[in-house]
Amino acid sequence: MSGQVSYSSEACKLPIYQFKKELVKAVKDNIFLVVTGETGSGKTTQLPQYLYHAGLSKGGKIVVTQPRRVAAITVAQRVSQEMGLRLGDEVGYQVRFDDCTSKNTMIKYVTDGCMLREILADPVLTQYSVVILDEAHERSLNTDILIGLLKKTKGASHGRSVPLKVVVMSATLETEKLSAFLGHCPVFSIPGRTFPVTEKFLNLIGPKDTESSLYIKEVVKVALDVHTNERAGDILVFLTGQSEIQKACDMLFQKAEAIDYRYDVNDSSVEGLLILPLYGAMPTDQQKQIFQPPPEGIRKCVVATNIAATSLTINGIKYIVDSGFVKQLNHSPRVGMDILEVVPISKSEAQQRAGRAGRTSAGKCFRIYSKDFWEKCMPEYTIPEIQRTSLTAVILTLKCLGVHDVIRFPYLDRPEERLILTALKQLYQYDAIDRRGQVTSLGKLMVEFPLHPGLTRALLKAAALECEDLMLPVAAMLSVENIFIRPGQPETQKEAEQKHRQIASEAGSCNDFAMLLNVFEKCKASDSPSAWCRENWIHWRAVKSALSVDTQLRVILHRLKQQGVIEKEKWDSNRSEVFRRCLCLGYFTNVARRSIGKSFCTMDGHGSTVHIHPSSVLFGMESQLDWVIFHDVLATSRMFVRTVCPIRYDWVKDLLPKLHEVDVYELSSVAREEVTEEEVAKWESREAAKRQAESSEDASKKLEKRNDEGSITEARARYLQRKQERQQGKKL
DNA sequence: GAGCACTGC
C-alpha cells in the first residue's frame with residue numbers, strides 16, 4: 001500500500017520524510033514511542049499520514065492531541081489539503097463547540113481537553129488504534145494527565161483486539177525523562193529546520209531589578225537600538241501584560257520623538273517603525289493587523305505578552321527583545337489561594353522566546369538581563385502546570401476514571417502531596433467524594449460539566465430548585481475571559497464605569513453575580529448584541545462565548561434531567577435568595593467575614609485579610625456588609641476579592657464546619673484507602689464536637705438583619721448619592 | 001480607589 005502513495009514535493013523536502021519507513025516500523029514494533037523534533041521538522045503533519053498510509057488506521061482512527069484549539073484546526077486543514085481531501089472526511093478535527101469529523105474520519109486532530117472527555121466516555125478508546133500526544137514539552141495539565149493515564153493502561157486493556165499505540169511528541173527538551181517514564185521506550189529524533197539565533201545578554205537588569213518600570217524602560221531602549229543599528233527584519237518584544245505593553249508603546253513613540261523621529265498617530269509609526277501592541281484581550285480585528293507584512297521600507301515592532309511565545313506565530317520576526325519576565329498564576333499554599341504574579345521566566349522559556357526569531361531566517365535575541373540574573377533568578381524549566389494549579393477538577397476526573405489512589409497515580413512530575421490533598425478536601429466539601437474517597441452520585445454528575453466543581457455544585461443545586469435559568473448564565477459568564485472593558489484613557493474609563501454601574505443598578509439584586517446575569521440577559525435580549533456590548537463597554541467576544549457555554553451547559557443539564565438523576569427540592573424563600581443560597585454551596589470555601597474597617601477575613605482556615613476590589617458593585621459599601629462569598633482573588637497592592645456576593649451567616653453555618661472537619665493526615669489516609677471503621681468513628685465524634693462549638697457561637701444573630709436584600713440596595717443608593725455629591729462638590 | 005498572563009472542557 002505504502003508504495004503507491006505519493007507525497008508532494010514539498011512534503012518530501014521535510015526533514016522527517018527520510019525517516020518515514022523507520023518511523024512506521026518503530027510505531028509498529030512498540031507500544032510507546034517518543035518522537036522529538038524541533039519546529040519545522042514536519043512531525044505534526046506528516047507522521048499521522050505515514051501511519052495512515054501504512055495501514056495502521058485499519059484497526060481504528062489515528063488521533064493527535066494539541067494543547068490549543070487553533071492548532072488542532074489549522075493542522076487538520078493543512079493535512080486534509082495536502083492529502084487532497086475535504087476537511088471533515090478522512091481528516092478532521094474536534095474541539096469544544098466544533099466537531100468536524102465524520103464516519104470516514106481516520107486522522108483526527110483534537111485538543112487534549114477533548115481527548116480527556118473521550119476517555120471519560122470510553123476508557124478503552126475502542127475507536128482508536130494510535131494516540132499521538134503532540135507538544136508534550138509544553139506540559140499542559142491535560143496532556144500530563146493523558147500521558148499518565150496511557151502509561152497506566154499500557155496499551156493492553158481488555159475490550160480491545162489490538163493494543164493501543166501511544167506516540168508522545170516533544171521538542172528535544174527532556175525526552176530522556178519521557179522515555180524513562182514510559183518504560184524506557186525508544187526515542188526517535190528528527191532534525192529540525194530552523195535558523196540559528198544569536199543570543200546576547202545586555203546586562204541592563206540584574207537580580208535585584210524586578211521593578212516593572214525599570215525593565216519596560218530598558219526594553220524600549222533596546223528596541224529602538226535594534227531599529228537604528230540592525231539590518232531589516234521585524235522586532236518582537238516580550239512583556240508581561242496589557243498595561244506594560246501600553247506604557248512601552250507610548251514610550252516608544254515618545255523616545256522616538258526625542259531622538260528626532262517622526263511620530264504619526266494615524267499609522268502608529270515613528271519613522272520606519274510600526275509599533276503594534278499584542279495581547280490576548282485585544283479585539284480580534286486589531287490582532288489581525290499584526291500578521292500583515294509591514295509596508296515597504298517599514299520595520300514592524302510587535303510588543304506582546306507570552307501569547308506570541310506559543311499561541312501565535314508572526315512571520316518575518318528577526319529580532320527578539322526579551323524582558324525576562326512573565327505573568328503567571330501560582331498557587332500559594334500559605335494563603336490557600338491562587339495568585340497571579342510577575343516572575344522571571346525559566347531558561348527553557350527564554351530559549352523558546354529566542355526561537356521565535358529563527359523561523360524564516362537567522363535571527364538575534366537581545367536579553368535585557370545579565371548572565372547573573374540568568375544564573376541566579378531563572379529556573380532551568382518552568383514548573384509544569386500540574387504542580388502549580390488547583391487540581392480539584394482533575395482529581396475528580398481521575399476518580400471517575402477509576403483511579404482511586406490519586407497520590408500514587410503515575411505523574412510525569414508529581415504534584416506536591418499537599419496540592420492533591422487540598423483538591424480531595426475540596427471535593428469532599430462539595431460532596432463529590434465521601435470520607436473514603438469514593439465518588440458519590442453527585443460527583444458522577446459533577447464530572448459531566450466543563451466547569452469548576454464548586455460552580456457545578458451551585459448549578460446542580462439550582463437545577464434541583466428549578467432556578468437554573470439564573471445560575472446557567474452566571475456559570476457561563478464566570479468560565480469565559482473577562483467581560484468588562486477597561487479603557488486606558490481616563491475620560492473613556494469614566495464613561496465605561498458609568499455604563500457598568502448602570503447595568504449593576506438594573507440588576508435584580510446588588511451583587512456581582514447578579515450583575516453578570518443582567519449583562520447576559522440584557523445583551524441576549526437586545527436587537528444587536530454586538531452593538532449593545534460596544535455601547536456598554538462589554539467584550540462581545542466574551543459574551544458570545546458565554547452564550548455558547550450556556551447552551552452547552554443546558555444540553556448537559558437537560559440530559560441529566562431526563563435521566564431522572566436530579567432530585568427536585570423546594571426551599572421556602574424568594575428566587576433571589578434561593579439563587580444566593582445556591583451560590584453558597586459552591587463558594588462556601590470562599591467565605592469572608594468583615595473584620596476591622598473595610599477589610600475582611602477569610603474563613604477557610606487561613607484567615608487571610610482581603611479587601612473588596614474597586615471593580616465590584618459592592619466596593620465602598622463594606623461597612624454595610626458582614627458575610628460575603630467571592631469568586632476569586634487578585635493579589636496586587638492588596639489581596640483583593642472580585643465577584644462578590646453578600647450572604648447571611650445562616651446560609652453557610654452548616655457548611656463551614658465541613659471546612660475544618662477533615663485534616664490533612666486523615667485525608668491522606670482516605671486517599672490511600674487505608675481508612676478503618678475506627679477512624680471514621682473518631683472523625684464523627686470530633687465533627688460533632690466541632691458542630692457544637694460552632695452553634696454555641698452567637699456572633700451571627702445581629703448580622704442577619706443587615707445583609708438582607710432591601711437594606712443593601714438602599715445602602716448602595718445612599719453610597720452612590722454621596723459619591724455624586726462629592727464629585728459635584730469637587731467641580732464647584 | 002484598582003488595573004487581569006495564557007490555555008482548555
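Chain identifiers are assigned alphabetically (A, B, ...) following the order of the sequence lines, protein sequences preceding nucleic acid strands; residue numbering begins at 1 within each chain. On a predicted model such as this, the values are computed, not experimentally measured, just so you know.
Residues that satisfy the ring-ring contact (aromatic ring centres under 6.0 Å, His included) test with A:Phe449, not counting sequence neighbours, are absent from this structure. Residues forming a side-chain contact (heavy atoms from CB on, under 4.5 Å) with A:Thr492 (at least two apart in sequence, or on another chain): A:Pro487, A:Gln489, A:Trp537. Residues passing the side-chain contact (heavy atoms from CB on, under 4.5 Å) test with A:Ser608, sequence neighbours excluded: A:Val335, A:Met337, A:Thr602, A:His606. Contacts of A:Cys377 classified as side-chain contact (heavy atoms from CB on, under 4.5 Å), with partners at least two apart in sequence or in another chain: A:Pro207, A:Pro344, A:Phe373. Residues satisfying the ring-ring contact (aromatic ring centres under 6.0 Å, His included) criterion with A:Phe600, sequence neighbours excluded, are absent altogether. With sequence neighbours excluded, no residue satisfies ring-ring contact (aromatic ring centres under 6.0 Å, His included) with A:Tyr128. Under the side-chain contact (heavy atoms from CB on, under 4.5 Å) criterion, A:Arg359 pairs with A:Thr39, A:Thr313, A:Arg356, sequence neighbours left out.
The nearest whole Å value for the distance from the CD atom in A:Gln66 to the P atom in B:dG8 is 11 Å. Going from atom CD of A:Glu244 over to atom C1' of B:dC4 covers 12 Å, rounded to whole Å. Straight-line distance from the CZ atom of A:Arg486 to the P atom of B:dA2: 12 Å, rounded to whole Å. For the pair A:Asn330 CG and B:dC4 C1', the interatomic distance rounds to 15 Å; values are reported in whole Å. A:Arg353 places its CZ atom 12 Å from the P atom of B:dC6, with the value rounded to the nearest Å. Following rounding to the nearest Å, A:Glu385 (CD) and B:dA5 (P) show an atom-to-atom distance of 17 Å. Summarising the geometry, the separation between CZ on A:Arg117 and P on B:dT7 is reported as 20 Å, rounded to the nearest angstrom. Atom CD in A:Glu349 sits roughly 10 Å away from atom C1' in B:dC6 (whole-Å rounding).
Nucleic acid contact for A:Arg638: none, since no nucleic acid atom lies under 4.0 Å from a heavy atom of the residue. Counting non-hydrogen atoms under 4.0 angstrom, A:Asn482 reaches a base of the nucleic acid. Across all strands, A:Val549 comes closer than 4.0 Å to no nucleic acid atom at all (heavy-atom distances). Using a 4.0 Å heavy-atom distance criterion, A:Ser140 is classed as making no nucleic acid contact. Within the nucleic acid shown, A:Arg96 comes within 4.0 Å of at least one base atom, counting heavy atoms only.
Nearest nucleotide to the side chain of A:Pro614, out of B:dG8, B:dC6, B:dA2: B:dA2. Side chain of A:Arg68, nearest nucleotide from B:dC4, B:dT7, B:dG1: B:dT7. Residue A:Leu340 places its side chain closer to B:dC4 than to any other of B:dC6, B:dT7, B:dC4.
Contact annotation: side chain of A:Glu497 to base of B:dA2, donor-acceptor pair present below 3.5 Å.
In terms of position along DNA chain B, the nucleotide closest to A:Pro487 lies nearer the 5' end than the nucleotide closest to the other residue of the pair A:Gly113 and A:Pro487.
Of the residues in residues 235-243 of chain A, A:Thr240, A:Gly241, A:Gln242 come within less than 4.0 Å of DNA chain B through at least one heavy atom, sorted by number. Across residues 320-329 of chain A, A:Lys327, A:Leu329 each have a non-hydrogen atom less than 4.0 Å from an atom of DNA chain B (numbered order).
A salt bridge links A:Arg559 to A:Glu448: one of the charged nitrogens lies within less than 4.0 Å of a carboxylate oxygen. Salt bridge annotation for A:Glu481-A:Arg541: present, with a cationic side-chain nitrogen under 4.0 angstrom from a carboxylate oxygen.
An OP1 or OP2 oxygen of B:dT7 is reached within less than 4.0 angstrom by no side-chain nitrogen or oxygen of A:Thr310.
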